[in-house]
Amino acid sequence: MQNNDKNNAASANKIKIALLGLGTVGSGVMRVFGENGDVMAFRTGATIEIKTVLVRDAAKKRDFIEDNVVVTENIEDILKDEEIKIVVEMIGGINPALDYMTRALKAKKSVVTANKDVLAEHGGELLQLAEENGVDFFFEASVGGGIPIILPLRKSLSANRVTEIMGIVNGTTNYMLTKMTEEGASFETALKEAQDLGYAEADPTADVDGLDAARKAVILASLAFNTKVSLKDVDTKGIRKIKPLDIEYARELGYVIKLLAVGRESDKGIELAVHPVFLPKGHPLAAVNGVFNAIFVRGNAIGEAMFYGQGAGSLPTASAVAADIVEVGRDIVNGTLGSWHGNPLTEKKICPTKETESGYYVRLLVDDKPGVLGLIATAFGNSSVSLKSVMQTKRSIPEHAEIVAITHRVTHKFMESALDRLKNLTVVDEIKNVIRVEN
Ligand code: NAP
Ligand code: HSE
């Protein structure tokens with residue numbers, strides 16, 4: 001279509017939409033419409049107009065809303081309005097968001113959402129509902145904020161067998177770990193700053209305990225490996241146990257600590273985990289700092305690819321939401337609504353954590369006396385765990401020392417056996433931390 005024709009089509013067509021939620025992300029979407037509405041209309045072939053917004057408190061002062069936009073607390077004003085063709089959910093949490101999206105799809109309205117909580121638990125049923133009702137259901141902002149990753153996995157990489165997907169997918173914890181590493185900030189200070197910047201979830205325990213990243217891992221793994229996975233399949237650990245000393249040892253040994261979501265497919269099945277890891281400083285993900293996220297994908301045709309950008313925040317997330325709105329708009333203009341029905345999902349075997357493999361960092365508080373190192377090396381050796389390096393440091397507690405060991409790659413069940421042996425040694429006072437080492 002020539003530009004003039006497209007402009008004509010844009011002025012002839014008007015697509016009305018509703019926003020559910022006007023918080024960090026919703027207000028960002030409003031701003032993107034204000035600043036880029038003309039480009040979006042050009043690319044859609046139609047003008048997209050925000051007709052109605054749903055909020056919890058309609059009396060709250062919101063300067064950025066234009067006068068012609070209806071602000072309501074009643075979802076029926078949107079679901080019963082036949083003019084509204086796209087419902088954009090940015091409330092968060094499971095309910096009422098799930099209920100509103102379900103009813104919107106049943107009312108034959110396309111849905112765009114940034115809500116990984118709902119997707120990780122109910123994504124399959126919502127996609128099916130969209131298919132049954134011949135409408136679109138898009139969710140680019142649910143993983144990696146502004147980074148395009150859902151569309152690349154669905155389309156650009158569809159000719160690959162993906163064997164590994166590894167990502168820094170939580171902006172809050174990456175921001176915190178960066179502050180703790182680069183500025184020596186405390187856990188509490190770093191968390192408060194991430195909250196003030198609008199990165200954290202309403203309940204930030206979902207960020208720091210790894211649940212937010214686990215939800216994103218479920219979404220990524222189901223698209224990358226075409227399989228049904230659920231939250232219980234993700235071995236999930238957060239960053240609460242990471243202490244300044246672990247960060248210091250990582251630095252001394254040539255690593256950085258990152259919270260990674262990991263999905264791998266092998267003969268053992270699908271391995272799924274979220275955990276802090278020691279990453280060598282030269283790894284592409286090691287340089288991803290602050291609120292930035294990155295998703296590293298290994299495919300048998302493309303080789304290695306990495307997707308990088310801001311993983312949270314008002315405008316970056318709104319960029320992905322607004323792009324999905326344009327995508328639905330194009331489908332409306334072209335008469336192709338509901339043309340993506342999701343890749344069919346199989347049910348592949350999940351690899352149990354005890355069968356997964358990696359190197360490990362182990363930090364022990366031990367009695368400072370002759371023979372201790374030998375006893376510890378024997379405990380590892382008797383469990384078939386081979387040590388790559390060991391260092392001993394004197395710490396402030398009298399007659400105690402700290403031993404830091406890095407193991408070679410080992411199956412997790414052998415590592416568990418070694419930890420049991422170490423716990424039973426009288427010279428070991430405490431196993432301070434155990435963190436995986438990725439190479
Ligand atoms: P938020 O700042 O807490 O905003 C939530 C909005 O939803 C508010 O406008 C609130 O209304 C409205 N709301 C809450 N409960 C409601 C209800 N029962 N009925 C009607 N409206 C209700 O949340 P957010 O950070 O924008 O996050 C929104 C979604 O985007 C979540 O799914 C989140 O996980 C996802 N996400 C967020 C980011 C980010 O960086 N923040 C990035 C990617 C994805 P009031 O204004 O009246 O209180
Ligand atoms: N709380 C999330 C994060 C928001 O910090 O990454 C983006 O999903």
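Numbering of ligands and ligand atoms starts at 1, following listing order. Being a predicted model, the structure only gives us computed values, none of them experimental. Values below: every heavy atom of this structure, side chains too, minus hydrogens, waters and symmetry copies.
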**OP:** Please indicate whether any nitrogen or oxygen in Gly21 is less than 3.5 Å from any nitrogen or oxygen in ligand 1.
**Re:** no
Original post:
Which atoms from ligand 2 have a heavy atom of Glu201 less than 4.0 Å away?
Top reply: 1 (N), 2 (C), 4 (C)
Subject >> Electrostatic pair Lys423-Asp420, nearest N-O below 4.0 angstrom >> reply: yes
Original post:
Looking at ligand 1, does any of its N/O atoms fall within less than 3.5 Å of an N/O of Thr24?
Top reply: yes
Subject >> Under-4.0 Å heavy-atom contact with ligand 1, by part of Pro96 that carries it >> reply: side chain
Subject >> Test item, Ala141 contacting ligand 1 (heavy atom, 4.0 angstrom) >> reply: yes
**OP:** Starting at CE of Met176, measure out to OG1 of Thr181 and round the result to the nearest 0.5 Å.
**Re:** 11.0 Å
**OP:** Could you tell me whether Glu73 approaches ligand 1 through its side chain, its backbone, both or neither, with non-hydrogen atoms closer than 4.0 Å?
**Re:** neither
Original post:
Counting only heavy atoms, which portion of Asn293 has something under 4.0 Å from ligand 2: side chain, backbone, both, or neither?
Top reply: neither
Subject >> Point-to-point distance, once rounded to the nearest 0.5 Å, from OG1 of Thr172 to CG of Leu197 >> reply: 9.5 Å
Original post:
Which residue owns the protein heavy atom closest to atom 13 (N) of ligand 1, what's the atom, and how far is it?
Top reply: Ile91 CG2, 3.8 Å
**OP:** Starting at CD1 of Ile91, measure out to CG of Leu98 and round the result to the nearest 0.5 Å.
**Re:** 11.0 Å
Original post:
Would you say Val162 and Arg298 make side-chain contact, with heavy atoms under 4.5 Å?
Top reply: no
Original post:
Which atoms of ligand 2 have any heavy atom of Lys216 under 4.0 Å away?
Top reply: 2 (C), 3 (C), 6 (O), 7 (C), 8 (O)
**OP:** Kindly indicate, with the supporting measurements, whether the criterion ring-ring contact (aromatic ring centres under 6.0 Å, His included) is fulfilled by Phe296 and His283.
**Re:** CA-CA 11 Å; Phe296 176 90; His283 192 286; 5.5 Å; yes
Original post:
What is the closest protein heavy atom to atom 40 (O) of ligand 1, and at what distance does it sit?
Top reply: Gly313 N, 2.7 Å
**OP:** Check whether any N or O atom of Asp117, backbone or side chain, sits under 3.5 Å from an N or O atom of ligand 1, and answer yes or no.
**Re:** no
Original post:
Can you list the ligand 1 atoms lying under 4.0 Å from a non-hydrogen atom of Asp57?
Top reply: 47 (O)
**OP:** Starting from atom 46 (O) of ligand 1, locate the nearest protein heavy atom and write down its residue, its atom name and how far away it is, to 0.1 Å.
**Re:** Arg62 NH1, 2.8 Å
Subject >> Atoms in ligand 2 with a heavy atom of Asp207 nearer than 4.0 Å >> reply: 1 (N), 2 (C), 3 (C), 5 (O)
Original post:
Under 3.5 Å, N or O to N or O, is Gly171 touching ligand 2 that way?
Top reply: yes
Original post:
Less than 3.5 Å between some nitrogen or oxygen of Lys116 and one of ligand 2, yes or no?
Top reply: yes
Original post:
Please state which protein non-hydrogen atom is closest to atom 9 (O) of ligand 1 and give its distance, to 0.1 Å?
Top reply: Leu22 N, 2.8 Å
**OP:** Please indicate, with yes or no, if any protein heavy atom is found under 4.0 Å from atom 3 (O) of ligand 1?
**Re:** no
**OP:** Can you sort out which atoms of ligand 1 are near Ala312, meaning under 4.0 Å from one of its heavy atoms?
**Re:** 40 (O)
Original post:
At a 4.0 Å threshold, what atoms of ligand 2 neighbour a non-hydrogen atom of Asn170?
Top reply: 2 (C), 3 (C), 5 (O), 6 (O)
Original post:
Atoms of ligand 1 less than 4.0 Å from Glu201 heavy atoms?
Top reply: 33 (C), 34 (O)
Subject >> Residue portion contacting ligand 1 (non-hydrogen atoms closer than 4.0 Å) for Thr317 >> reply: side chain
**OP:** Indicate yes or no: at least one non-hydrogen side-chain atom of Thr407 is less than 4.5 angstrom from one of Lys388.
**Re:** no
Subject >> Atom indices of ligand 1 within 4.0 angstrom of Asn115 heavy atoms, with elements >> reply: 32 (O)
Original post:
Charged N to carboxylate O under 4.0 angstrom, Lys354 versus Glu416?
Top reply: no
Original post:
Among protein heavy atoms, which sits nearest to atom 35 (C) of ligand 1, and what does the distance come to when rounded to 0.1 Å?
Top reply: Ala114 O, 3.4 Å
Original post:
Among protein heavy atoms, which lies nearest atom 5 (O) of ligand 2, and at what distance?
Top reply: Thr172 OG1, 2.6 Å
Original post:
Will you find, in the side chains of Asn74 and Thr72, an N or O donor that is under 3.5 Å from an N or O acceptor?
Top reply: no
Original post:
For ligand 1, which atoms sit closer than 4.0 Å to a heavy atom of Leu54?
Top reply: 20 (C)
Original post:
What's the shortest distance from atom 41 (N) of ligand 1 to any protein heavy atom, and which residue and atom give it?
Top reply: Gly198 O, 3.2 Å
Original post:
Does Gly145 have a heavy atom less than 4.0 Å from any atom of ligand 2?
Top reply: no
Original post:
Under 4.0 Å between a Lys/Arg side-chain N and an Asp/Glu carboxylate O for Glu193 and Lys179?
Top reply: yes
Subject >> Distance from atom 38 (C) of ligand 1 to nearest protein heavy atom, with residue and atom >> reply: Val25 CG2, 3.7 Å
**OP:** Could you check atom 11 (O) of ligand 1 against the protein and tell me its nearest heavy-atom contact, residue, atom and distance included?
**Re:** Arg56 N, 3.3 Å
**OP:** May I ask you to list the atoms of ligand 1 that are less than 4.0 angstrom from any heavy atom of Met90?
**Re:** 5 (C), 6 (C), 7 (O), 28 (C)
